[in-house]
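Data first, discussion second: the structure below is written as structure tokens.
Remember, it's 1-based here, ligands and their atoms both numbered in the order they're listed.
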Amino acid sequence: MVILKSPEEIEKMKVSNGIVAEILAEIAEMVRPGIRTIELDERSELLARKKGARPAFKGYRGYPFSLCTSVNCEVVHGMPSNRLIREGDILSLDFGVYHDGYYGDAAITVPVGKVSDNAERLMKATRTALEEAVQEARVGNRVGDISARVQESVEGAGFSVVRDFVGHGIGKHLHEDPQIPNFGVRGRGLELKPGMVLAIEPMVNEGSFEVRVLPDGWTVVTTDGKLSAHFEHSIAVTENGPVILSLAQA
Ligand code: MF3
Ligand code: CO
């Protein structure tokens, strides 16, 4: 069941998602060779609480951290640890908060110092696929239009889309209907209505789309060990077109 949001609710979700975007930007600033992913996690939680928000992921299905830190071949749900970030790594940062009754959720992938050309291309292709897919989130379009746009964009750049994890509706719950796959067929799926709020989150692999979950029960990695990138925005479908909620508020 899809829960439509009123304009007032969308304003609140702009605040929640704005907090997420601001914190992601601050965490990205801290990323440098020699930092430990656990330091980023601790800082993200502190920043959320300072802004009067609660980290959304901590305790969600037993997830023990506030931030997901996925390095190189890690796709999503990488767990912060004493791992040292090194020059040439790419690091995906996925963060969410709960504030004033509503969730915010967004992700970015950042380079650590100088990275390979292919890593740069992968990150750019993933960010571009997200930007293009957001433009498909228009009243009268369908979920399949968003999904197909991600897939076309990514595969056109020579990369592959992860099948096993998907985007989602978001609101009073972190995960609501509908699911937003990163692959699909135009014209198929649920019709988009004003008031839908969706987290669109392409997970893009350098090689094969196949992934597996590590024995820790969380960390998702590429089966071929090649790189993966992840960008996510929470957006609202409105009569005036898509509105990106996960932007830092002025
Ligand atoms: N952005 C991810 C999602 O939508 C983050 C969830 S991590 C979890 O699923 F720990 F909360 F599960
Ligand atoms: Co999400």
Side-chain angles (χ1 to χ4, degrees), residues 2-3 5 13-14 16-25 27-28 37-38 40-42 44-45 48 53-71 74-81 91-99 102-110 126-127 129-131 133-134 137 143 146-147 150 161-183 196-204 211-221 228-237 242 244-247:
V2 176
I3 304 164
K5 280 81 185 178
M13 294 195 70
K14 224 177 242 174
S16 304
N17 282 284
I19 292 170
V20 171
E22 284 164 21
I23 294 174
L24 279 175
I27 298 301
T37 50
I38 192 72
L40 304 176
D41 176 73
E42 286 163 1
S44 72
E45 175 164 8
R54 172 170 73 70
F57 302 165
K58 200 165 211 172
Y60 183 82
R61 294 173 182 258
Y63 185 72
F65 299 100
S66 298
L67 186 67
C68 298
T69 52
S70 306
V71 186
E74 296 174 356
V75 179
V76 286
H77 304 167
M79 290 202 284
S81 70
L91 172 60
S92 299
L93 301 166
D94 190 350
F95 189 61
V97 301
Y98 182 74
H99 175 272
Y102 293 88
Y103 282 92
D105 185 9
I108 55 175
T109 301
V110 297
T126 310
R127 191 186 313 112
L130 173 57
E131 284 165 4
V134 166
V143 168
I146 298 173
S147 302
V150 174
V161 289
V162 171
R163 270 69 167 162
D164 296 358
F165 295 85
V166 297
H168 50 93
I170 178 168
K172 289 184 177 174
H173 308 275
L174 178 60
H175 294 138
E176 297 183 359
D177 286 342
Q179 292 196 346
I180 314 289
N182 293 304
F183 61 101
M196 285 186 182
V197 179
L198 309 173
I200 304 175
E201 48 179 319
M203 289 150 261
V204 176
V211 300
R212 67 188 176 90
V213 181
L214 294 186
D216 64 23
W218 282 102
T219 314
V220 178
V221 297
S228 188
H230 179 211
F231 282 85
E232 174 177 23
H233 268 313
S234 292
I235 65 101
V237 179
I244 299 175
L245 304 177
S246 42
L247 295 176

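Under the 4.0 angstrom criterion for non-hydrogen atoms, R61 is not in contact with ligand 1. Heavy atoms of F65 come nearer than 4.0 angstrom to ligand 1 in no pair at all. The shortest separation from a heavy atom of A107 to ligand 1 is not under 4.0 Å, leaving the residue out of contact.
Considering F65, Y63, F165 in turn, F165 is the only one that fulfils the ring-ring contact (aromatic ring centres under 6.0 Å, His included) rule with H77.
Listed by number with element, the atoms of ligand 1 under 4.0 Å from a non-hydrogen atom of C68 are 7 (S). Here is the list of ligand 1 atoms found below 4.0 Å of a heavy atom in D94: 1 (N), 2 (C), 5 (C). If you number the atoms of ligand 1 from 1 as listed, the ones under 4.0 Å from a heavy atom of E232 come out as 1 (N). Within ligand 1, counting atoms from 1 as listed, the ones closer than 4.0 Å to a heavy atom of D105 are 1 (N), 3 (C), 4 (O).
Side-chain contact between V150 and L130 is absent, with no heavy-atom pair separated by less than 4.5 Å. Contact of the T126 side chain with the S228 side chain is not registered, since no non-hydrogen atoms from C-beta on lie closer than 4.5 Å. Considering only heavy atoms from C-beta on, F95 comes within 4.5 Å of S66 through its side chain. Between H233 and L247 the shortest side-chain heavy-atom distance falls below 4.5 Å.
As for D105, its N/O/S atom nearest the Co ion (ligand 2) is the one called OD2. Taking the N/O/S atoms of E232 in turn, the shortest distance to the Co ion (ligand 2) belongs to OE2. For H168, the N, O or S atom with the smallest separation from the Co ion (ligand 2) is NE2. The atom name of the N/O/S atom in E201 closest to the Co ion (ligand 2) is OE2.
We find the CD1-CG distance between I108 and D94 to be 10.0 Å, quoted to the nearest 0.5 Å.
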The test is side-chain contact (heavy atoms from CB on, under 4.5 Å); show your working for D164 and V220 and say whether it passes. CA-CA 10 Å; D164 296 358; V220 178; over 6 Å; no
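Looking only at protein heavy atoms, the nearest one to atom 3 (C) of ligand 1 is H175 NE2, 3.2 Å. Of all protein heavy atoms, the one closest to atom 10 (F) of ligand 1 is Y63 CG, 3.1 Å.
In the model, H168 has a side-chain atom that pairs as donor or acceptor with a side-chain atom of E201 under 3.5 Å.
Atom CD of Q179 has 12 or fewer heavy atoms from other residues, nucleotides or ligands within 6.0 Å.
Between H168 and ligand 1, a contact under 3.5 Å exists for at least one N or O pair.
Neither the backbone nor the side chain of F165 has any atom closer than 4.0 Å to an atom of ligand 1 (non-hydrogen atoms only).
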